[in-house]
Number of protein chains: 4
Amino acid sequence: MTPTADAPRSPGRPRSVRADEAIIEATLDLLAEGSTIEALSIEAIASRAGVGKATIYRRWPGKEELFVDLLRSVEPPDPVLPGTSARDDLVALLESLRQRGLAKRTSALLHNVFSQMQLYPKLWEAYHATVIEPRRRIGLDALRRGVAAGEIRADVDLELLNDLFVGPLLLRTVIRPGATLEPGLPEQVVDAVLDGVRPKG
Amino acid sequence: MTPTADAPRSPGRPRSVRADEAIIEATLDLLAEGSTIEALSIEAIASRAGVGKATIYRRWPGKEELFVDLLRSVEPPDPVLPGTSARDDLVALLESLRQRGLAKRTSALLHNVFSQMQLYPKLWEAYHATVIEPRRRIGLDALRRGVAAGEIRADVDLELLNDLFVGPLLLRTVIRPGATLEPGLPEQVVDAVLDGVRPKG
Amino acid sequence: MTPTADAPRSPGRPRSVRADEAIIEATLDLLAEGSTIEALSIEAIASRAGVGKATIYRRWPGKEELFVDLLRSVEPPDPVLPGTSARDDLVALLESLRQRGLAKRTSALLHNVFSQMQLYPKLWEAYHATVIEPRRRIGLDALRRGVAAGEIRADVDLELLNDLFVGPLLLRTVIRPGATLEPGLPEQVVDAVLDGVRPKG
Amino acid sequence: MTPTADAPRSPGRPRSVRADEAIIEATLDLLAEGSTIEALSIEAIASRAGVGKATIYRRWPGKEELFVDLLRSVEPPDPVLPGTSARDDLVALLESLRQRGLAKRTSALLHNVFSQMQLYPKLWEAYHATVIEPRRRIGLDALRRGVAAGEIRADVDLELLNDLFVGPLLLRTVIRPGATLEPGLPEQVVDAVLDGVRPKG
DNA sequence: TAATAATCGAGACGGTACGTCGCGTCTTCTG
DNA sequence: CAGAAGACGCGACGTACCGTCTCGATTATTA
């Protein structure tokens, strides 16, 4: 993950750890001060970090890659599912989404970067591949187990079903920031989708 | 809405409607050709539109404001619901969302602009108030009629239910822009949420 | 000379004399405030004069032509030569040059415009044709009369001779602006060139 | 003189000498092609020189300062006088003036830049001190030797006499560009001023 | 211990786009 | 008609960053 991963030890002066830290620190500082990604120039980072521009480019190909590393470092770990039932797994999954949504709202940095991420294709793709997709896969696995266990109908498109569960949370977090993310939300969503909303009988 | 809204008629030559259109058209063209917003320079728009840069800056303070107007200009009109049943209404509502997602241009634009807008609270609020909220209200009304008609359980949170229907479509359009939006999707979503996904019996 | 010269009286609303005056006045004001010709935009003149730009362009094709009129209005009249002798005529001619040189030094406007004139070919040519050339012709005529009267050798190139007389004055006025232009200068120059500077006998 | 004068060696990549030369060369080219100074944009110079605009602005604050340096760079070296006689010295001096006037580039440049310079007193003074004054001094020395050798009357104001010799050449070069600067001109001027133009006897 | 080699801060390089200003022309409405 | 007002397409302004490229000066490892 970090740019100074262990290598076969090459000759010459090694990369400065102080520079690594100074770059990261300067970037976080500038983001915390409210800079947009667009306004956050490599030149500004280098200047703030007291570092040459080339020192940054030596570590990352561009702005976006730097942010990918930055984002991954603050992303919470994948949720661990209880495995007791499909319902429990789905609730746990949505709960972790909810927690992140809450964190996102409290962390200026996260909010700042998240909302701009889609403008930077490489950044978005990297985030998609390393964060969103794995988590989607976890959800699909849980659904498959649910089908196998007879908890979920076998004739439903699981991709769609997954979106059915995740959609509302993501909508409230990303599309409609400010919406409520109250504690019971995951259960509500899961039960509504599992049971349907037609009157019984 | 448009920059040349009706005014008390100021002196001097009036803004050219042809220029208005040329700018909008050029921007949509460039976006449709795959330009990201950050790669979409005012200079390129002006050149493509056959218009001076100042003519653009005379209308909008910057790129962001231009995109908000653009967004509104491509926004399809509110859907007309058949009113035959809650299911039909919801399908019609989601179908209009799907159509919007399909329009390649519109989708690229939505995808690009949505996040940017969140950085400008007032602009986001304006868009929210004039586009998102009315449509949400239409959905909520349909759901209320469904409850009254006995098609939907009375004990469900309608706000949440609305998100349940809309979430998947928005997720696929905005969050996961490459995802499929096949013709039957609205029906699938509506039926899945109405019926639930537990095995029958 | 003025833009509103007498004409065959055309139909429609006549040119406003107030506008004429306002334009001239505004230009002189701006020059007096120290604006360079370059910084003196038509836009600034129009704004200062409370006049539309088209009103200026209706009178003069461009900036330079406006200045030509302005310059001519402050240029002293051609000198009247006594005609008593070639020497007297030349002294009178150079005296008028000297007077203008003195005026140029005292008038910020003249100094300002003169020193920039050469940058504006049309302005310079117009000035050359209407001011410099006629005065040169007057000098040449005086020289020819001197030759005819036997005061000046017949084998001298009169064009060159004229430059010999005028050169020093122009040099001190234009090229070396701080140089002295003391009262007796014209006589000194004329006598030196007429008599030569070799020791007598 | 050049913008890259010897300095205590500052950190960072040093200014490119190739860029220096390319800028100077491009400007001279454009001037030689007949561009007026006002038509000579920094953008055109940069483009012609294959250089970024910033590279020019890094060296000179603006157009004016660039031209001063240019002027000095094309200024021919001070003439070497034969010393055989005052007449020979003066002819040599004027010949060097004539040569300078003939160089098409230099002439165009001189004509264009001279006046501009007068608007910037310090720049003018610098040019005066380093170019004009030394050359004037050379002329004055030659005249003094002429007086000492009995070639020139002792009662003439040498300052004025110098202007008498130099004036015509400068007039034709700077004030009346396009005038003839034929080969024999220096001799003609020197002889005319030395001998006077009154009929002999 | 010396040579070698990759690093460091610094800053110049050729570019692209920025947002502004003025050009000279062209509408619009008002006198 | 001419007036002012001001928008139009155009092109240059001077600035900010881009990502790359020298510089002289440090550090390490290898010989």
Side-chain angles (χ1 to χ4, degrees), chain A residues 9-16 18-19 22 38-47 49-59 61-63, chain B residues 4 9-16 18-19 22 38-47 49-59 61-63, chain C residues 10-16 18-19 38-47 49-59 61-63, chain D residues 4 9-16 18-19 22 38-47 49-59 61-63:
Chain A
R9 213 63 200 87
S10 55
R13 177 174 173 176
R15 298 269 172 86
S16 158
R18 289 205 341 100
E38 177 131 48
L40 216 173
S41 61
I42 292 281
E43 216 132 79
I45 296 173
S47 161
V51 141
K53 280 199 290 176
T55 301
I56 298 179
Y57 283 109
R58 214 172 277 124
R59 288 161 166 75
K63 216 188 295 185
Chain B
T4 48
R9 206 64 200 77
S10 57
R13 177 173 173 176
R15 299 271 171 85
S16 159
R18 291 206 339 101
E38 71 161 344
L40 216 174
S41 62
I42 293 283
E43 216 136 76
I45 296 173
S47 162
V51 142
K53 278 197 290 177
T55 298
I56 298 179
Y57 284 110
R58 215 172 275 126
R59 287 162 166 74
K63 229 183 284 188
Chain C
S10 54
R13 176 171 169 179
R15 299 268 173 86
S16 158
R18 291 202 342 98
E38 178 132 47
L40 216 171
S41 60
I42 292 281
E43 218 132 78
I45 296 173
S47 161
V51 142
K53 280 198 291 176
T55 301
I56 298 180
Y57 282 109
R58 212 171 279 126
R59 287 162 165 76
K63 216 189 294 187
Chain D
T4 48
R9 205 61 200 81
S10 57
R13 178 173 172 176
R15 299 270 171 87
S16 158
R18 293 207 335 102
E38 70 161 346
L40 217 173
S41 62
I42 294 281
E43 216 136 77
I45 297 173
S47 160
V51 141
K53 278 197 290 176
T55 299
I56 298 180
Y57 284 111
R58 215 172 276 127
R59 287 164 165 74
K63 230 184 282 187

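By convention in this document, chain letters (A, B, ...) are assigned in the order of the sequence lines, proteins followed by strands, and residues within each chain are numbered from 1. Quantities reported herein were computed from a predicted structural model and do not represent experimental measurements.
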Select from G52(B) and P11(B) the residue whose nearest nucleotide in DNA chain F is closer to the 5' end of that strand. P11(B)
Residues forming a side-chain contact (heavy atoms from CB on, under 4.5 Å) with [X], sequence neighbours excluded:
X	answer
A19(B)	S16(B), V51(B), T55(B), R59(B)
A22(A)	A49(A)
A54(B)	R58(B)
S47(D)	none

In terms of heavy-atom contacts, G52(D) and A46(D) come closest through C-CB, 4.2 Å
Minimum-distance nucleotide (side-chain atoms of S41(B) versus dA17(E), dC13(E), dC8(F)): dA17(E)
Round to the nearest Å and state the distance from I45(B) atom CD1 to dG19(E) atom P. 11 Å
Write down the distance between CD1 (I56(D)) and C1' (dA12(E)), rounded to a whole number of angstrom. 14 Å
Provide a list of protein-nucleic acid N or O atom pairs under 3.5 angstrom, restricted to nucleotides 1-3 of chain E.
none

Output the distance between atom CD1 (I42(C)) and atom CD1 (I56(C)), rounded to the nearest 0.5 Å. 5.0 Å
NZ of K53(A) to OG of S41(A): how many Å apart, nearest 0.5 Å? 9.0 Å
Listed partners of K63(A) passing side-chain hydrogen bond (donor to acceptor under 3.5 Å, both in side chains), at least two apart: none
Looking at [X], I'd like to know whether one of its side-chain N or O atoms comes within less than 4.0 Å of OP1 or OP2 on [N].
X	N	value
R18(A)	dT27(F)	no
R58(D)	dT15(F)	no
R15(A)	dA6(E)	no
S16(A)	dT7(E)	no
T55(D)	dA12(E)	no

L40(B) or V51(A): which one's nearest nucleotide on DNA chain E is closer to the 5' end? V51(A)
Scan nucleotides 24-27 of chain E against the protein and return all N/O pairs shorter than 3.5 Å with their distances rounded to 0.1 Å.
residue, atom, partner, partner atom, Å
dG24(E), OP2, Y57(C), OH, 2.5
dG24(E), O5', Y57(C), OH, 3.3
dG24(E), N7, K53(C), NZ, 3.1
dG24(E), O6, K53(C), NZ, 2.7
dC26(E), O2, R13(B), NH1, 2.8

